[in-house]
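One structure is given below, encoded as structure tokens.
This chain uses plain numbering: 1 for the first residue, then up along the sequence.
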Amino acid sequence: EEDLTKFIKKIRSGSKRYLARAITLVESSLRSDQKFSQELLQKFKIKNNTIRVGITGVPGVGKSTFIENFGMKLINLGYKVAVLAVDPSSKMSGGSILGDKTRMEKLSVNPNAFIRPSPSGGHLGGVAMKSYESLMCLEEAGYNFIFVETMGVGQAETAVHDMVDIFLVLLLPSGGDELQGIKKGIIEMADLIAINKADGELKKSAEITQREYKNATFFNTKPRSGDNLEVFTCSSFTEEGFEKILDSDWSLNQNSTF
């Protein structure tokens, strides 16, 4: 009981060390760690002022770079940002690289940000087995925005949809046509679609892809907001399109706690 009280106090006070230890205990397969983490989670308060953002897309679409620059923009607006990056585990060795932190150099050293790479452990759906419990730890630590970066394996990454408030799908320029846009899977479940890398020579291709997916959204079901699915072009390097995403139907103004 004394250890539980100390853990919770440290987490709520902003200790990244105890926050990391709490997530490690949650992910542990040891029975003693599982028992302690379950008791810890039961004492957490239910948070309603955190926005969870799930981000998925094919490998190389720029998820980490997008989170890095978009997260820094949110921090400059006065918010605290956490990132839960899920890395695929090897079928051969069972290990994971856990190198997403190296792509987020600014966020990784910012005092108002916390990045936690986690192995998938063979769990399907784009997230790890204990991702939901890890989200609870991050919420208890007082982070306003939590980004869940999925493994990036394609159209089967739908498990993250049920544990986030916003499901953002990043696409590449020339990444599909109207037929691709009406396929079931992550496109059908998306709350927002952003065509990333819309800069330089790829900008025109990104605009064409945006137009094709906009035409395709007519055939898909509406997202959780009840409005039409919005499709944007954006660039993680120039930050073009970030303002449109912030001003969308899933903008900060939609959350009454901010």
- Message: Let me check something: do Ile8 and Tyr143 share a hydrophobic cluster, defined by ILVMFWY side-chain heavy atoms less than 4.5 Å apart, either directly or through other members?
- Response: yes
- Under a 4.5 Å side-chain heavy-atom rule over Ile, Leu, Val, Met, Phe, Trp and Tyr, are Met163 and Phe167 clustered together? yes
- Task: Would you please name every residue forming a side-chain contact (heavy atoms from CB on, under 4.5 Å) with Lys35, sequence neighbours left out?
- Result: Glu39
- Note on the structure: Nearest heavy-atom contact between Asn196 and Gly62 is ND2-O, 3.6 Å
- Backbone N/O of Leu170 and side chain of Lys63: donor-acceptor pair under 3.5 Å: no
- Message: What I want to check is whether the side chains of Tyr18 and Lys9 have a donor and an acceptor closer together than 3.5 Å.
- Response: no
- Exceeds 12 heavy-atom contacts within 6.0 angstrom, atom CZ of Phe44: yes
- Task: Using side-chain contact (heavy atoms from CB on, under 4.5 Å) as the criterion, list what pairs up with Asp33, not counting sequence neighbours.
- Result: Leu25, Ser28, Leu30
- Task: Compare every heavy atom of Leu138 with every heavy atom of Ala82, then report the nearest pair and how far apart it is.
- Result: CB-CD2, 4.0 Å
- Decide yes or no for Ile208 and Arg211: does some side-chain heavy atom of the first lie under 4.5 Å from some side-chain heavy atom of the second? yes
- Message: Would you say Leu19 ends up clustered with Phe36 if hydrophobic residues are merged whenever their side chains have heavy atoms under 4.5 Å apart, either directly or through other cluster members?
- Response: yes
- Roughly how far, to the nearest 0.5 Å, is CD1 of Ile193 from SG of Cys234? 12.0 Å
- For residues Leu74 and Phe147, determine if any side-chain heavy atom of one lies less than 4.5 Å from a side-chain heavy atom of the other. yes
- How long is the gap from CG on Leu107 to CZ on Phe70, to the nearest 0.5 Å? 12.0 Å
- Check whether any side-chain N or O of Ser64 sits under 3.5 Å from a backbone N or O of Met104 as a donor-acceptor pair, and report yes or no. no
- Under the side-chain contact (heavy atoms from CB on, under 4.5 Å) test, which residues partner Ala206, sequence neighbours left out? Pro173, Ile195, Ala198, Thr233
- Message: For Lys203, I'd like to know if atom NZ has over 12 heavy atoms of other residues, nucleotides or ligands within 6.0 Å.
- Response: no
- Are Ser236 and Glu68 linked by a side-chain donor-acceptor pair shorter than 3.5 Å? no
- Query: Val83, Tyr79: one ILVMFWY side-chain cluster at the under-4.5 Å cut-off?
  - Reply: yes
- Note on the structure: Across all chains, not counting sequence neighbours, the side-chain contact (heavy atoms from CB on, under 4.5 Å) partners of Lys73 are Glu239, Phe242, Glu243, Leu246
- Message: Let's go through Glu140 and Arg12 carefully: what are the C-alpha distance in whole Å and the side-chain angles of both, what is the deciding distance for salt bridge (Lys or Arg N to Asp or Glu O under 4.0 Å) to 0.1 Å, and is it a yes or a no?
- Response: CA-CA 6 Å; Glu140 193 69 17; Arg12 290 174 180 170; 2.5 Å; yes
- Using side chain to side chain donor-acceptor pair (under 3.5 Å) as the criterion, list what pairs up with Asp199, not counting sequence neighbours. Ser235
- Check side chain to side chain donor-acceptor pair (under 3.5 Å) between Lys204 and all other residues, then give those that pass, not counting sequence neighbours. none
- Test side chain to side chain contact (heavy atoms under 4.5 Å, CB included) on Asn144 and Ile51 and set out the steps. CA-CA 6 Å; Asn144 306 117; Ile51 297 180; over 6 Å; no
- Query: Does the pair Glu139/Arg52 count as a salt bridge with the N-to-O cut at 4.0 Å?
  - Reply: yes
- Item | Shortest non-hydrogen contact between Val148 and Val164, atoms and distance | CG2-CG1, 4.1 Å
- Task: Mind listing the closest non-hydrogen atom pair of Ser134 and Leu84 along with its distance?
- Result: CB-CD2, 4.0 Å
- Closest non-hydrogen atoms of Ile245 and Leu192, given as atom of the first, atom of the second and distance, are CG2-CD1, 4.2 Å
- Given Met136 and Thr50, is the side chain to side chain contact (heavy atoms under 4.5 Å, CB included) satisfied, shown in steps? CA-CA 10 Å; Met136 293 177 62; Thr50 298; over 6 Å; no
